Amino acid sequence: MSQGQDSERGHAGSLSHPRHDLDDLLTHAVRFSIVAALAGLANAEFAAVRDGVEISDAMLSKQVALLEKAGYVHVEKGRVGRRSRTWLSLSDEGKAAYAKHIAALRAIADLTG
């Protein structure tokens with residue numbers, strides 16, 4: 001295929017459908033829900049995110065690990081009294097990815113209106 005051609009659409013030109021701006025990590029409903037839960041907060045305790053998203057500790061741990069590896073989420077461990085705690089927060093990259101993903105979803109929705 002020649003340079004400048006879109007292998008998905010098979011013709012020259014740039015990709016224009018807003019779905020191309022969706023973030024692959026955030027198309028997973030649980031990861032999207034975690035990022036959305038953190039979007040307006042400075043940080044949140046692990047248990048609060050778990051309960052808010054309605055998932056198990058194991059599921060939250062697995063998904064947070066993927067988001068952390070991508071640089072979207074910061075994980076901070078500490079203690080409150082004798083109890084260990086984990087706090088989650090969105091990185092600047094995570095905030096930008098979330099905003100871009102939301103904008104793409106809105107643009108897709110607007111195509112039908």
Side-chain angles (χ1 to χ4, degrees):
M1 186 170 293
S2 67
Q3 189 174 16
Q5 277 197 328
D6 172 4
S7 62
E8 196 171 300
R9 294 191 316 191
H11 59 82
S14 64
L15 301 176
S16 62
H17 193 279
R19 79 174 180 281
H20 299 291
D21 287 330
L22 291 172
D23 187 294
D24 287 340
L25 271 178
L26 300 183
T27 58
H28 186 280
V30 171
R31 287 190 293 269
F32 179 75
S33 298
I34 293 165
V35 171
L38 296 172
L41 306 173
N43 63 45
E45 195 171 334
F46 182 94
V49 176
R50 177 200 63 212
D51 294 347
V53 178
E54 299 177 353
I55 55 176
S56 67
D57 285 350
M59 174 64 87
L60 181 55
S61 292
K62 180 179 177 180
Q63 300 308 322
V64 165
L66 291 170
L67 291 165
E68 183 180 30
K69 183 177 179 180
Y72 288 8
V73 171
H74 294 296
V75 178
E76 183 180 336
K77 296 186 181 277
R79 300 189 75 71
V80 175
R82 293 183 170 192
R83 301 186 66 109
S84 62
R85 294 281 190 257
T86 301
W87 292 273
L88 308 173
S89 62
L90 280 185
S91 66
D92 289 341
E93 185 178 349
K95 290 173 187 173
Y98 178 68
K100 183 176 179 182
H101 191 78
I102 291 292
L105 290 171
R106 286 190 176 123
I108 291 167
D110 288 346
L111 289 175
T112 62

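Predicted model, so just to flag it, every value in this text is computed and none were measured. In what follows, every heavy atom counts, from backbone to side chain, and hydrogens, waters and symmetry copies are set aside.
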- Decide side-chain contact (heavy atoms from CB on, under 4.5 Å) for Leu22 and Ile108; before the verdict, give the C-alpha distance in whole Å, the side-chain angles of both, and the deciding distance to 0.1 Å. CA-CA 10 Å; Leu22 291 172; Ile108 291 167; 4.0 Å; yes
- Quick one: do His101 and Thr27 satisfy side-chain contact (heavy atoms from CB on, under 4.5 Å)? Show the steps, please. CA-CA 9 Å; His101 191 78; Thr27 58; 3.8 Å; yes
- Residues Trp87, Leu41; criterion side-chain contact (heavy atoms from CB on, under 4.5 Å); working and verdict: CA-CA 11 Å; Trp87 292 273; Leu41 306 173; over 6 Å; no
- Verify side-chain contact (heavy atoms from CB on, under 4.5 Å) between His17 and Leu111, making sure each step is shown before the conclusion. CA-CA 9 Å; His17 193 279; Leu111 289 175; 3.5 Å; yes
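Side chains of Asp23 and Tyr98: no donor on one and acceptor on the other come within 3.5 Å.
When all heavy atoms of Tyr72 and Glu93 are compared, the closest pair comes out as CE1-OE2, 3.7 Å. Residues Ala104 and Pro18 come closest through the heavy atom pair CB-O, 3.5 Å. Lys100 approaches Asp21 most closely through the heavy-atom pair CE-OD1, 3.5 Å. Closest of all the heavy-atom pairs between Leu88 and Leu38 is O-CD2, 3.6 Å. The two residues Val49 and Ala44 have their closest heavy-atom pair at CG2-CB, 3.7 Å.
Leu66 and Met59 sit in two unconnected hydrophobic clusters of ILVMFWY residues. Membership requires side-chain heavy atoms under 4.5 Å apart, directly or through other members.
Although no hydrogens or angles enter the test, the distance criterion places no donor-acceptor pair under 3.5 Å between the side chain of Ser84 and the main chain of Arg79. Side-chain atoms of Ser91 come within 3.5 Å of backbone N or O of Gly71 as a donor-acceptor pair. Judged by distance alone, with hydrogens and angles left aside, the side-chain atoms of Arg31 form a donor-acceptor pair with the main-chain N or O of Leu25 at under 3.5 Å.
Contact annotation: the side chain of Leu26 approaches that of Leu67 to within less than 4.5 Å [non-hydrogen atoms, C-beta and beyond]. In this structure, Leu90 and Val73 have side chains that are in contact, with non-hydrogen atoms separated by less than 4.5 Å. Proximity of Thr86 to Glu76: side-chain heavy atoms (C-beta onward) are nowhere separated by under 4.5 Å. Looking at Glu45 and Arg85, their side chains come closer than 4.5 Å, going by heavy atoms from C-beta outward.
Remark: Ser89 OG to Lys95 NZ distance equals 7.5 Å, nearest 0.5 Å.
With respect to the salt-bridge test (charged N to carboxylate O, under 4.0 angstrom), the residues Asp57 and Arg50 qualify.
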